[in-house]
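Just so we're on the same page: letters track the sequence lines, and every chain starts at 1.
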Amino acid sequence: MLLQKWVLKDLKSSLLNCKNTLSISKIHAVLITSGISNNGALAAQLIASYARTGDVNIAQKLFDDLPKRGIDSWNALLIAYSRGNSPPEVINLYRKMSLAGIRPDSSSFTVAIKACTSLLDLKSGREIWKHAVECGYGSDIFVGSSVLNLFVKCGEMDEAMSVFDGMSRRDVVSWSTVIAGLVRSGRAGEAMDEYRRMQREGLEGDGVVMLALIQACADVEDLKMACSVHGCIVRRGFPVDVMVQTSLLDMYAKNGKVEIASCIFRTMSCRNVVSWSALISGYARNGHAGVALELLVEMQSCGFEPDSVSLVSALLACSHVGFSRLGREIHGFVVRRYELDRVVGTALIDMYAKCGSLSHAQALFERMSSRDVVLWNTIIASYGIHGQGKKALLIFHRMIKARARPDHVTFASLLSAMSHSGLVEEGQYWFDAMIKDYKIQPMEKHYVSLIDLLARGGRVEEARRLIEDVECELGIAAWVALLSGCINHKKFLIGEMAAKKVLELKPDCPGIYTLVSNFFAAARKWDEVAMVRRVMKTAGMKKVPGYSVAEVDGRLHAFLVEDKSHPLYEEILKILEDMEHRMRALGYVSKTEFVLQNVKEEVKVRMLRNHSERLAIAFGILKTRPGTRLLITKNLRVCGDCHEAIKFMSIVAEREIVVRDAKRFHHFKNGSCSCSDYW
DNA sequence: GTAGGGTTAG
């Protein structure tokens, strides 16, 4: 008997050390020959050992052969299925166990809930959690952590928080689960609060917590906070591995500090696909499309195959500069190499629409097998930027029919589409419906869209009243929208008020100063034009140089304003002069008020002729066959004179000309444009 | 508990 006890102890520890099936089966054989294989504790140990090596079938067979099954053997089998990556079997087994009258313990609950988490099976998870509470495991740290993780992964943050608050003891893991969960559900501010609470409770964060905090800073775009988190990591000497470095660079990029991001990247000793794509995404989102695409090439020459995430960022870069050839190539590459998931599909649809190919965008949208709200929003916005408000509305109706729930972005896109298509009444109707039927509280952007809708439709007075009536404080954007309407409809009185208000609010972007200046020029108030220029100068605001890009034969050709460096400049200029001659015969008159410098009239005419979009168009005419549609992408807004001039160009050059500016598409054909107003 | 990706404005 004593001998057997010793043997048992010995065998148990040997089992614990077994690394492969062969050595386990040797011990198994010893057990059978010594006639002690039916010992409960030992059998459970045996099942657990097989589980460790992933031999679920042997574990199950052993379990089936047992005459008596205690909690240990049930748990061992649960773990076997959990290790074998069969979550549905785990849940099944858990149910069988309950039916067999076995009272699950901390470990059974933990494993079962983990299985629900991997299946995102919230219903079963809740049921098991309820059972755990009834059995007195409601404040168990292991069960608590796993159910916390379940709710976090399923996006049920409020439920997660209530579990967390009920836990008797919280460790770094449970804190980091909560903090990371809050970040992931877009509640970065609360995540920071929880971190402070954790510190107050005397717990130090670790690398994982720091990672979550970096992400939080990336989300809220709070550079000060970002720097302090970075400082904290350095000061406290947290280990800085690839992941931390990647999230740091991502954080700086998302805060607009792409140079710092690049600096971190260049000093990294170890890089991977994730860090490359974080950098590419950083450049793409900050408007440096060229650098982003160069990095994509550099990444490949360093031996890293781009995955779908890096390609999505590359697609974003293509959208920005209208590089449809590369966009199409990426499409082909993704289809050949990976499956086209919803995110890639959305990025592609957005790329096609922004590169002027609404029909490709539409076709791809119809082919997508599943559609979420972002995908619906993308196609609605695509119709919107192409000035097809009615079609955007049709898609919206389809979306409702498909039982997708519109969100605040849906309505922002829809209202903007209505606005650009002059659908004023429809826009007002859907603004009200958003609040009443869809219970979405309007945010500033929705009010701005509504103001834009009214002002663009000529109902400037109503738009002004709306700004005053809205209970929440509206920022500069609302006044800019009003001002644009005033320019389009020559409402100088309200316009002057709006212009002053805009200047008062100190715009931080040079484009808005240009708008104000354009307004005063339209009102022929030249002193004010000069004043705006002075204000701009004292604010240290430099006008962003305009550039346009034309894609000819699959290559991008960029033109800066007054770009005399182009090898074909002489020929381009000749085409422009010839065209202008014929345009004048048809009634074109230069709107020199759009030149904001105080120079002679003929200089103004020459300056307008040298606007980048015109250089790009002339280049396109020079390099493509007659009748080919031209697509030009411009970084700023098209000016009022170019808007008028390109209408005439479409006649004299007999071309369809599509200009995508910083905001929308202008389709010029036979002397008219798809949009009546230029701004 | 562990980094990177898609939609929205003037």
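Of the candidates B:dG6, B:dG1, B:dT8, B:dG6 carries the atom nearest the A:Ala347 side chain, counting heavy atoms from C-beta on. Each of B:dG1, B:dA9, B:dG5 was ranked by its minimum atom distance to the side chain of A:Ser449; first place goes to B:dA9. Residue A:Ser484 places its side chain closer to B:dG10 than to any other of B:dG6, B:dG10, B:dT2. Closest approach to the A:Asp350 side chain among B:dT7, B:dA9, B:dG1 is made by B:dT7 (side chain taken as heavy atoms from C-beta onward). Checking B:dA3, B:dG6, B:dG10 against every side-chain atom of A:Val274, the shortest atom distance belongs to B:dA3.
As judged by a 4.0 angstrom heavy-atom cut-off over every strand, A:Asp407 is placed among residues making no nucleic acid contact. At a threshold of 4.0 angstrom between heavy atoms, the contacts of A:Leu311 with the nucleic acid are absent. A:Ser277 comes within contact range of at least one nucleobase, with a heavy-atom separation under 4.0 Å. Counting non-hydrogen atoms under 4.0 angstrom, A:Ala381 reaches the backbone sugars and phosphates but no base. Note on A:Val273: a base of the nucleic acid sits closer than 4.0 angstrom, heavy atoms only. Residue contacts for A:Arg371: at a heavy-atom cut-off of 4.0 Å it reaches no nucleic acid atom on any strand shown. Residue contacts for A:Asp307: at a heavy-atom cut-off of 4.0 Å it reaches a base atom on one of the strands shown. Using a 4.0 Å heavy-atom cutoff across all strands shown, A:Gln245 reaches no nucleic acid atom at all. Across all strands, A:Asp341 comes closer than 4.0 Å to base atoms (heavy-atom distances). Residue A:Thr410 is out of contact with every strand shown, counting any heavy-atom pair closer than 4.0 Å. Using a 4.0 Å heavy-atom criterion, one finds that A:Arg271 contacts no nucleic acid atom at all. Using a 4.0 Å heavy-atom distance criterion, A:Val344 is classed as a base contact.
The side chain of A:Asn377 places no N or O atom within less than 4.0 Å of a non-bridging phosphate oxygen (OP1 or OP2) of B:dT8. At the phosphate of B:dA9, neither OP1 nor OP2 sits under 4.0 Å from any side-chain N or O atom of A:His446. Contact between the side-chain N/O atoms of A:Arg342 and the OP1/OP2 oxygens of B:dT7 is not found at any separation under 4.0 Å. Distances shorter than 4.0 Å separate none of the side-chain N or O atoms of A:Ser275 from OP1 or OP2 on B:dG4. Considering only side-chain N and O atoms, A:Lys254 lies under 4.0 angstrom from the phosphate OP1 or OP2 of B:dG5. When the side-chain nitrogen and oxygen atoms of A:Arg184 are compared with OP1 and OP2 of B:dT2, one or more of them lie within a distance under 4.0 Å. Listed pair A:Gln215 / B:dG4 meets the phosphate criterion, a side-chain N or O lying under 4.0 Å from OP1 or OP2. For B:dG6, neither phosphate oxygen OP1 nor OP2 lies less than 4.0 angstrom from any side-chain nitrogen or oxygen of A:Lys354.
Atom CE of A:Met198 is separated from atom P of B:dG1 by 15 Å (rounded to the nearest Å). Rounded to whole Å, the distance from CG on A:Leu249 to P on B:dA3 is 14 Å. Taking atom CD1 of A:Ile233 as the reference point, atom C1' of B:dT2 lies 13 Å away to the nearest angstrom. What separates CG of A:Asn149 from P of B:dG1 is a distance of 5 Å, to the nearest Å. If you measure from atom NE2 of A:His320 to atom C1' of B:dG6, you get 12 Å, rounded to the nearest angstrom. Distance A:Ile280 CD1 to B:dG6 C1': 16 Å, rounded to the nearest Å.
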Stepwise, does the ring pair (Phe, Tyr, Trp, His ring centres under 6.0 Å) test hold for A:Phe164 with A:Trp175?
CA-CA 8 Å; A:Phe164 185 61; A:Trp175 277 104; 4.8 Å; yes
With ring pair (Phe, Tyr, Trp, His ring centres under 6.0 Å) as the test, would you mind laying out the steps for A:Tyr383 and A:Phe396 before giving the verdict?
CA-CA 11 Å; A:Tyr383 282 113; A:Phe396 177 76; over 10 Å; no
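Between A:Lys500 and A:Glu496 there is a salt bridge, with a side-chain nitrogen of the basic residue lying less than 4.0 Å from a carboxylate oxygen of the acidic one. Here A:Glu462 does not pair with A:Lys491 in a salt bridge; the nearest charged N to carboxylate O distance is not below 4.0 Å. A salt bridge does not link A:Asp193 with A:Arg197: every distance from a Lys NZ or Arg NE/NH1/NH2 to an Asp or Glu carboxylate oxygen is 4.0 Å or more. Taking the charged nitrogens against the carboxylate oxygens, A:Arg266 and A:Glu298 do have a contact shorter than 4.0 Å, which makes a salt bridge.
Residue A:Asp452 places no side-chain atom within donor-acceptor reach of the base of B:dA9, judged by atom type and a 3.5 Å distance cut-off alone.
Residues A:Ile349 and A:Thr378 approach most closely at CG2-CG2, 4.1 Å, considering heavy atoms.
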